[in-house]
Amino acid sequence: MDIVVPDLGEVGEVQIVRWLVSPGDAVAVGDPVAEVEADKAVFVVEAPSAGVLERTLIAQGQPTRPGEAIARLRSG
Amino acid sequence: MNPVFYADLGRIKYRPALALQHHLHLLRREGGVTDVVLSLEHEPVITIGRGGSETSILAPHEELTQLGVEIASIERGGDVTYHGPGQLVLYPILDLRRREKDVHRYVADLEEIMIRIARSFVVEATRRAGLPGIWHERGKLGAVGIHVRNWVTMHGLALNVGLDPDGFQWIVPCGIAGAKAVSISDIIGHPVSMGGAREAALSAVSDVLGEELIPVGEEVIAAWKRESLIG
């Protein structure tokens, strides 16, 4: 399952300012996995389901957009 | 309209205020409290947002420590900023699911609150594209920086009412070299009472959010503070 940046409203590009988990980490549903920033607002992206983080798709410091997948989760 | 608590914390050091924000943010996410707006002035502090780094702090740490200036790395958006007496700080802890799930719109609302407070002192402030906050031709008048989890907000806005601008000499404000901070009192040429600014803030927040604000008593604030220190 992909971890996707949620729809944040009238927000275009966001930047991943911090990954809070690493590949191989187990996460529960609702766990914070990354922080994205736009317009001086930091938004916490949470795990949509329980699992193990397989890999990140966007590196810390790189831009992405709402609706885009930033990581892949293996059901655990 | 839904009631929103409004808690005036007076002048407070940064870390206890941050602990209180964390406590109320968690409570709000769990449904243990309604929306709250904290109003306060900070003792001198330099905060580093997620977009910032220590390289934007120009003064040596020892000098800042001697002057009693705290330094805190925190979870808000933005770079480095300075807070101190004479600056009106509002930390709305709001569940955006009750309004619009729109982070951009919320930042615009915070800017609008500051524009309206400034206007009550006959100061016209404007937005600048790509540079969140509010501006006057003489410099930056107010800053925003927020954190959102589960659509619940924390951190917020800081409006320079009668702030001693010396604090900004220690940093590169917002990471923008040459950016100058200005206060309402600098622009109108005479001191401004923080009480007047707080009153203007009450009506600006109520009007922009479209909510009734209910002042919270000292005993409730004292209980929150105790709980935040335990938590």
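A, B, ... follow the sequence lines: proteins, then strands. Residue 1 opens every chain.
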Considering only heavy atoms from C-beta outward, does the side chain of A:V44 approach that of B:E75 to under 4.5 Å? no

Within the 4.5 Å heavy-atom criterion, are B:R76 and A:K40 side-chain neighbours or not? no

Residue that, paired with B:V103, satisfies side-chain contact (heavy atoms from CB on, under 4.5 Å) out of A:V14, A:V36, A:V11, A:D7: A:V11

Could you check whether any side-chain N or O of A:D39 sits under 3.5 Å from a backbone N or O of B:H104, counting only pairs where one atom can act as donor and the other as acceptor? no

Test your reading of the model: is there a side-chain donor-acceptor pair from A:E37 to the backbone of B:G78, 3.5 Å cut-off?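 Looks like yes, one N/O pair under 3.5 Å.
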
Hey, what do you get for [atom1] ([X]) to [atom2] ([Y]), rounding to the nearest 0.5 Å?
{"X": "B:R149", "Y": "A:E35", "atom1": "CZ", "atom2": "CD", "answer": "10.0 Å"}
{"X": "A:L8", "Y": "B:W151", "atom1": "CG", "atom2": "CH2", "answer": "5.0 Å"}
{"X": "B:N150", "Y": "A:F43", "atom1": "CG", "atom2": "CZ", "answer": "8.0 Å"}

Can you tell me if CZ on B:R105 sees more than 12 non-hydrogen neighbours from other groups inside 6.0 Å?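 Open: at most 12 neighbouring heavy atoms sit under 6.0 Å from CZ of B:R105.
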
Is it true that, when you exclude B:F168 itself, more than 12 heavy atoms of the residues, nucleotides or ligands shown sit nearer than 6.0 Å to its CZ? yes

Check whether B:V107 gets within reach of chain A through its side chain, its backbone, both or neither, counting any heavy atom under 4.5 Å. side chain

Partner chain A: residue of B:G51, B:G130, B:G77 with the largest heavy-atom pair count (under 4.5 Å): B:G77

For the interface with chain A, which of B:T153, B:I146, B:V144 has the highest count of heavy-atom pairs at distances below 4.5 Å?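 The answer is B:I146.
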
